[in-house]
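Data block below; observations after.
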Amino acid sequence: MLLHRLAEVSGEVAATAARSRKTALLAELFGDAEADDVPIVIPYLAGRLPQGRLGVGRRVLGRPVPPAAEPSLTVREVDARLTELGKVSGPGSQAERSRIVGELMGAATATEQRFLLGLLTGEVRQGALDAVAVEGLARATSADPAAVRRAVMLAGSLQAVARALLADGPGALEGFRLTVGRPVLPMLAHSASSVAEAVEKLGSCAVEEKLDGIRVQVHRDGDTVRIHTRTLDDITDRLPEVGAAALGLAGERFILDGEVLSFDAGGRPRSFQETAGRVGSRVDVARAAREVPVAPVFFDVLSVDGQDLLDLPFAERHARLARLVPEPMRVRRTVASGTGGAAEAERFLAETLARGHEGVVVKALDAPYSAGRRGASWLKVKPVHTLDLVVLAAEWGHGRRAGLLSNLHLGARTADGGFAMLGKTFKGMTDAMLAWQTERLGRLAVGDDGHVVTVRPELVVEIAYDGLQRSTRYPAGVTLRFARVVRYREDKRPEDADTVATLLAAHPEVRP
DNA sequence: TTCCGACAGTGGGGTCGCAAT
DNA sequence: ATTGCGACCCCACTATCGGAA
């Protein structure tokens, strides 16, 4: 199949709003693909490279090259060249990658170039990624969409399912069972604004500590342990303590879901930055483990002794977990049900925060493990802080925000009467707010370099954030975590905005 | 008919490690 | 030795479609 066909369909998919039409377009294309094209075409249209990330970004892409007049590239040829690209490493590799990408781009038409660019940078904006590709695949192969979805979750990969489906038909889906050693997409949580709201929504529920670390899925099969992240990357080699802990448990075969984090000498959790840095260290793991030891804390079990527990209610899964994993390695929790449930949840949240944790996750006791879904049966609740800050500048948006001022630079007042930038945010704005701020900030503009519009520091905005973290990038030595706009405060003047000093005083645990 | 779950899009900061400078 | 880049951790929120209620 020609890449051109695929790029054109991607364009059509992007141009239509209806998901049913997107699905139909993808299904038609999958159906037209030859057997050898399919393992490439499907991931491409899901916005993914079969090879994974290839180390191609702005720098490697370099300047645009003139497009070819006529389409000639086949998807298999592109795939072969990208496989070659992925093998390049060592000194001179960046130039070599640039050369290969340039050659490929030079052979591509303008339409193909746009598609390839999106694919290489992970920004295929067609309003249809994994979920729609799964629907399309189901339709193209006359398989039940729900069964395909489930197989993808259990396989942790669309490609493997696509290959099996096309080779052996819908019957192949049964081959995708929960298997120790093969990671599944983890269940995710929604947000709730209070524990009362969460408990009201879920009824009988468990309230668990939300630990601010790295999510892990731990598989043990006899003497073998594999550890995977939320995106299913294998990080076994980086976490020897976790491997040892899994081998120390009284079970031979199991899959556990949990969080890894580091604690200080007093048993309080260390900052996310410290834990993430440790888990990210790959070169001298032994040294990293000495300096920042980590421990796993488990909250769910997906499989024990060959038995698939995914569809059991959480209450039963937890009973199995409690049999397998001793107390200190299990997340602290309480159960909230009936009258007084909300009050108990509230008490537990306060206690959890006092222990230095992030918040709580409220989980329905009757819910199955919805692998790969952000199911409504897990609700996280974290305290939210707010500040009044001053807009120092704004950046022009991309995609659907093109032509609108989007990303705000936020400043707090300093002792000398100026402002210190604390970070940026593009979150929380409605379309109406985007239009309003574009006009309003336009009137305050004092400079525009085509990317950043600098403004007179006069507009006050209320910002919500999850906490403070250390920063080497910003002048106050701190930055806001997950800042988002709540509303504009036109009733406030810049001299009413919050100061760096009050911000630091509100977060004594964080020092610049 | 209205409501709500699921998705895609729009990007944020930090850290590590490699390659380039 | 330092700097820049890319991958991957953490993530919030809004708009929209389409099925559920």
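Model, not experiment: these values are computed from the prediction. So that the names make sense, note that chain A is the first sequence line, chain B the second, and so on, each numbered from 1. Only this structure's heavy atoms are used, side chains among them; waters, hydrogens and symmetry mates stay out.
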Phosphate oxygens OP1/OP2 of B:dG13: is one of them under 4.0 Å from a side-chain N or O of A:S471?
no
Could you tell me which residues satisfy side chain to side chain donor-acceptor pair (under 3.5 Å) with A:R238, sequence neighbours excluded, listed by chain and number?
none
Tell me which donor-acceptor pairs under 3.5 Å the side chains of residues 191-199 of chain A have, and how far apart each pair is, sequence neighbours excluded?
{"residue": "A:S193", "atom": "OG", "partner": "A:E197", "partner atom": "OE1", "Å": "2.5"}
{"residue": "A:S194", "atom": "OG", "partner": "A:E197", "partner atom": "N", "Å": "3.1"}
{"residue": "A:E197", "atom": "OE1", "partner": "A:S193", "partner atom": "N", "Å": "3.4"}

Would A:E135 and A:R19 pass as an ion pair if we require N to O under 4.0 Å?
no
Output every pair passing salt bridge (Lys or Arg N to Asp or Glu O under 4.0 Å) with a member in residues 87-97 of chain A, not counting sequence neighbours, ordered by first then second residue.
A:E96-A:R99
If you look at every strand shown and take non-hydrogen atoms under 4.0 Å, does A:L261 touch a base, only sugar-phosphate, or nothing?
nothing
Short side-chain N/O contact to C:dA7 OP1/OP2 from A:R53, under 4.0 Å:
yes
Contact check, residues 500-512 of chain A vs DNA chain B, heavy-atom distance under 4.0 Å, returns none
Rounded to the nearest 0.5 angstrom, the CG-OG distance for A:D144 and A:S142 is 11.5 Å
Are A:H398 and B:dG11 close enough that a side-chain N or O sits under 4.0 Å from OP1 or OP2?
yes
Residues of residues 86-97 of chain A with a heavy atom under 4.0 Å from any atom of DNA chain C, listed by number, are none
Does a nitrogen or oxygen in the side chain of A:N407 sit under 4.0 Å from OP1 or OP2 of B:dT10?
no
5'-most by nearest nucleotide on DNA chain C - A:K382 or A:V60
A:V60
Heavy-atom nearest nucleotide on DNA chain C taken for A:L120 and for A:F482; more 5' hit belongs to A:L120
Hey, what are the protein-to-nucleotides 15-17 of chain C N/O distances that come in under 3.5 Å?
{"residue": "C:dA15", "atom": "OP1", "partner": "A:D431", "partner atom": "N", "Å": "3.0"}
{"residue": "C:dC17", "atom": "O3'", "partner": "A:R19", "partner atom": "N", "Å": "3.1"}
{"residue": "C:dC17", "atom": "O2", "partner": "A:R19", "partner atom": "NH2", "Å": "2.6"}

Residue list, salt bridge (charged side-chain N to carboxylate O under 4.0 Å, His left out) with A:K382, at least two apart or on another chain:
A:E358, A:D466
Any salt bridge (Lys or Arg N to Asp or Glu O under 4.0 Å) involving residues 20-30 of chain A? Give me the pairs, sequence neighbours left out, ordered by first then second residue.
A:E12-A:R21
Check salt bridge (charged side-chain N to carboxylate O under 4.0 Å, His left out) between A:R139 and all other residues, then give those that pass, not counting sequence neighbours.
none
Salt bridge (charged side-chain N to carboxylate O under 4.0 Å, His left out) involving A:R400 - partner list, sequence neighbours excluded
A:D431
Under 4.0 Å, heavy atoms only, any strand: does A:K424 hit a base, just the sugar-phosphate, or nothing?
sugar-phosphate
Working to the nearest 0.5 angstrom, can you tell me the gap between A:D388 CG and A:T502 OG1?
10.0 Å
Can you list everything that forms a salt bridge (charged side-chain N to carboxylate O under 4.0 Å, His left out) with A:R489? Sequence neighbours excluded, please.
A:E462, A:D491
With a non-hydrogen cut-off below 4.0 angstrom, is A:D212 in contact with a base, only sugar-phosphate, or nothing?
nothing
Scan the side chains in residues 505-512 of chain A for donor-acceptor partners under 3.5 Å anywhere in the protein, sequence neighbours excluded, and list what turns up.
{"residue": "A:H507", "atom": "NE2", "partner": "A:Y465", "partner atom": "OH", "Å": "2.8"}
{"residue": "A:R511", "atom": "NH1", "partner": "A:P508", "partner atom": "O", "Å": "3.2"}
{"residue": "A:R511", "atom": "NH2", "partner": "A:L504", "partner atom": "O", "Å": "3.4"}

C:dC9 OP1/OP2 closer than 4.0 Å to side-chain N/O of A:T231:
yes
C:dC10 OP1/OP2 closer than 4.0 Å to side-chain N/O of A:R230:
yes
Where the side chain of A:F426 is concerned, which of B:dG14, B:dT10, C:dC10 is the nearest nucleotide?
B:dT10
